[in-house]
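One structure below.
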Amino acid sequence: MASTKQIKNHIASVQDTRKITKAMQLISSTKFRKAKDELAKTLPYFSALRGEVKRIFRSVEGSDSPYLRPVSFGEGEDELWGCLVISADKGLAGSYNQNVLKTADALLRRHGNTRLFVIGEVGRQHFRRKGRAIEEDFLFSATAPTVDRARLIAHSLLRLYDRGELKRIYIVYSNLSKGFLVENRCTRLLPLHKDHFSAPDFEKAVEEPFEFRPSPEVVLGQVIHSYLSGFIYSALVDSYCCEQSERMHAMDSATQNADKLLAELSIEYNHLRQAAITREITEISAGARAQKHNETKEVQLQ
């Protein structure tokens with residue numbers, strides 16, 4: 001059984017850990033709110049841009065644009081795909097990283113000839129351990145996503161697609177639903193297809209006919225970079241919010257566990273302390289009785 005000194009040291013250690021988990025929970029909460037506010041400021045623009053892409057789809061039936069393809073088209077084993085995986089730079093975020101990487105691994109099993117573009121140090125370490133080749137010069141951080149960073153990522157991927165080096169581009173990220181549930185998604189970025197633009201939110205915006213000059217294909221070629229930048233930015237922010245949300249929950253659970261452990265240790269410490277006090281009182285009482293007995297014997301002998 002542990003001594004009172006060992007329990008006191010254990011309590012002090014748990015209290016220090018609890019301070020860290022509580023601080024991390026508060027920091028994650030602040031970062032989460034800030035990221036959601038930043039997304040809310042830019043979302044109207046990208047939503048409007050998405051509505052215009054929907055208009056283009058209604059106007060270019062049977063288009064030969066390289067950016068437009070049906071939902072399902074032939075998958076050649078020799079085709080080189082690209083996959084943008086958004087993970088975190090750090091752990092301590094519950095199952096956030098594991099679930100994202102599990103989704104990415106499923107895509108790689110489906111099509112092994114895939115070129116990996118990984119955001120976040122956790123994801124890079126994961127694929128290095130598995131012996132998967134990743135783009136080493138694609139060292140974007142998952143912390144504090146910005147529109148400028150999203151534009152750089154979109155430019156790099158679109159350049160490879162325009163050159164024909166990549167036939168498809170997917171993105172694996174996390175989305176935070178209204179109920180604060182984390183959903184892991186694997187979405188095809190390029191080529192585009194109508195299913196990505198069939199949400200009811202956009203139906204009202206495309207009721208009226210729209211004229212594109214010089215042609216819908218040329219307009220699409222001009223807006224595709226902005227569209228990809230917006231999609232990637234929203235994915236970066238959503239993933240960052242999911243990371244902070246999962247870290248908040250993980251740190252909250254850790255704090256609650258620390259409180260529970262502290263209560264148990266306090267009870268154990270009080271029991272041991274009470275037992276020690278009782279033992280000392282018993283020893284003092286026994287010594288007093290022995291002393292009194294000795295004094296009585298001495299009186300009797302006299």
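The structure displayed is predicted, hence computed values, not measured ones.
By the criterion of side-chain heavy atoms lying less than 4.5 angstrom apart, applied directly or through intervening Ile, Leu, Val, Met, Phe, Trp or Tyr residues, V14 is not grouped with L92; the two fall into different hydrophobic clusters. Side-chain heavy atoms closer than 4.5 Å link hydrophobic residues (I, L, V, M, F, W, Y) into clusters, and following such links, possibly through other members, connects L236 to L189. Under the 4.5 Å side-chain heavy-atom criterion for grouping Ile, Leu, Val, Met, Phe, Trp and Tyr, L190 is connected to L152 within one hydrophobic cluster. Hydrophobic clustering keeps L107 apart from V118 (ILVMFWY residues linked when any side-chain heavy atoms are closer than 4.5 Å, directly or through intermediates). I86 and Y227 end up in the same hydrophobic cluster when Ile, Leu, Val, Met, Phe, Trp and Tyr side chains are linked at under 4.5 Å.
Under the 3.5 Å distance criterion, the side-chain polar atoms of T146 are matched with a main-chain donor or acceptor of R149. Looking at R188, its side chain does come within 3.5 Å of a backbone N or O of P191 through a donor-acceptor pair. Within the 3.5 Å criterion, the main-chain N or O of S141 finds no donor-acceptor partner in the side chain of D89. S28 places no side-chain N or O within 3.5 Å of a backbone atom of Q25 that could act as its donor or acceptor partner. Between the side chain of S245 and the backbone N or O of C241, no donor-acceptor pair lies under 3.5 Å. Looking only at distances, a side-chain donor or acceptor of R247 sits under 3.5 Å from a matching main-chain atom of G91.
Judged purely by distance below 3.5 Å, without hydrogens or angles, the side chains of D238 and S234 never pair a donor atom with an acceptor atom. R168 and Y170 are linked by a side-chain donor-acceptor pair at a separation below 3.5 angstrom, with hydrogens and angles left out of the test. Using modelled atom types and a 3.5 Å distance limit, the side chains of D252 and Q256 yield a donor-acceptor pair. No hydrogens or angles considered: a donor-acceptor pair under 3.5 Å links the side chains of H126 and D105.
Salt-bridge annotation for E165 and R159: absent, with no side-chain N of the basic residue lying under 4.0 Å from a carboxylate O of the acidic one. Taking 4.0 Å as the cut-off between side-chain N and carboxylate O, R151 and D148 count as a salt-bridged pair.
Two residues are said to be in side-chain contact when any heavy atoms from C-beta on lie closer than 4.5 Å; L157 and L228 fail this criterion. For the pair T103/V85, no side-chain contact is recorded, criterion being any heavy-atom separation below 4.5 Å from C-beta on. Considering only heavy atoms from C-beta on, E246 comes within 4.5 Å of V182 through its side chain. Contact of the R115 side chain with the L160 side chain is registered, since non-hydrogen atoms from C-beta on lie closer than 4.5 Å. Using a 4.5 Å heavy-atom threshold, the side chains of V100 and V172 count as touching.
When all heavy atoms are compared, the tightest approach of G123 to S87 is N-OG, 2.9 Å. Shown here for G120 and A142, the closest heavy-atom pair between the two residues is CA-CB, 4.2 Å. When all heavy atoms of Y96 and C242 are compared, the closest pair comes out as CE1-CB, 3.9 Å.
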Margin query: salt bridge (charged side-chain N to carboxylate O under 4.0 Å, His left out), that's the test. Do R128 and E121 meet it? Break it down for me.
Written below: CA-CA 11 Å; R128 288 193 188 109; E121 189 60 29; 3.6 Å; yes
Checklist line | Residue pair T114, L80: steps toward the side chain to side chain contact (heavy atoms under 4.5 Å, CB included) verdict | finding: CA-CA 6 Å; T114 300; L80 181 59; 5.9 Å; no
Notebook entry, point to check: Under the salt bridge (charged side-chain N to carboxylate O under 4.0 Å, His left out) criterion, do K90 and E243 qualify, and how do the steps go?
Noted result: CA-CA 9 Å; K90 301 177 182 178; E243 177 193 350; over 6 Å; no
Check: How far apart are the C-alpha atoms of W81 and N113, what are their side-chain angles, what is the distance that settles it, and do they pass the side chain to side chain contact (heavy atoms under 4.5 Å, CB included) test?
Finding: CA-CA 7 Å; W81 293 4; N113 194 17; over 6 Å; no
Notebook entry, point to check: Would L108 and F127 satisfy side chain to side chain contact (heavy atoms under 4.5 Å, CB included), going step by step from the backbone distance to the final call?
Noted result: CA-CA 11 Å; L108 295 178; F127 291 113; 3.6 Å; yes
Next item on the list: Begin with the C-alpha distance, continue with both residues' side-chain angles, and end with the deciding distance and a verdict on side chain to side chain contact (heavy atoms under 4.5 Å, CB included) for C83 and F117.
Entry: CA-CA 6 Å; C83 181; F117 304 86; 5.9 Å; no
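To the nearest 0.5 Å, atoms NZ (K102) and OG (S95) are separated by 8.0 Å. Here CG of L26 is found 8.5 Å from OG1 of T255. Values are rounded to the nearest 0.5 Å. The CD atom of Q244 lies 11.5 Å from the NZ atom of K34; values are rounded to the nearest 0.5 Å. If you take CD on Q15 and CD1 on I20, they are separated by 12.5 Å, rounding to the nearest 0.5 Å. Once rounded to the nearest 0.5 Å, the distance linking CD1 of I171 with CZ of R185 reads 11.0 Å. Atom CZ in R273 sits 15.0 Å away from atom CD in E268 (nearest 0.5 Å).
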Using atom types as modelled, flag every donor-acceptor pair under 3.5 Å from a side chain in residues 260-267 to any protein atom, sequence neighbours excluded.
residue	atom	partner	partner atom	Å
S266	OG	L262	O	2.8

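Using a 30° and 60° split on the angle between ring planes, Y173 and F231 fall in the perpendicular class, above 60°.
In this structure, F138 has its ring center under 6.0 Å from that of F140.
Pairs engaging residues 14-29 under the salt bridge (Lys or Arg N to Asp or Glu O under 4.0 Å) rule: R18-D259 [sequence neighbours left out].
Scanning for side chain to side chain donor-acceptor pair (under 3.5 Å) contacts around S174 gives N184, with sequence neighbours left out.
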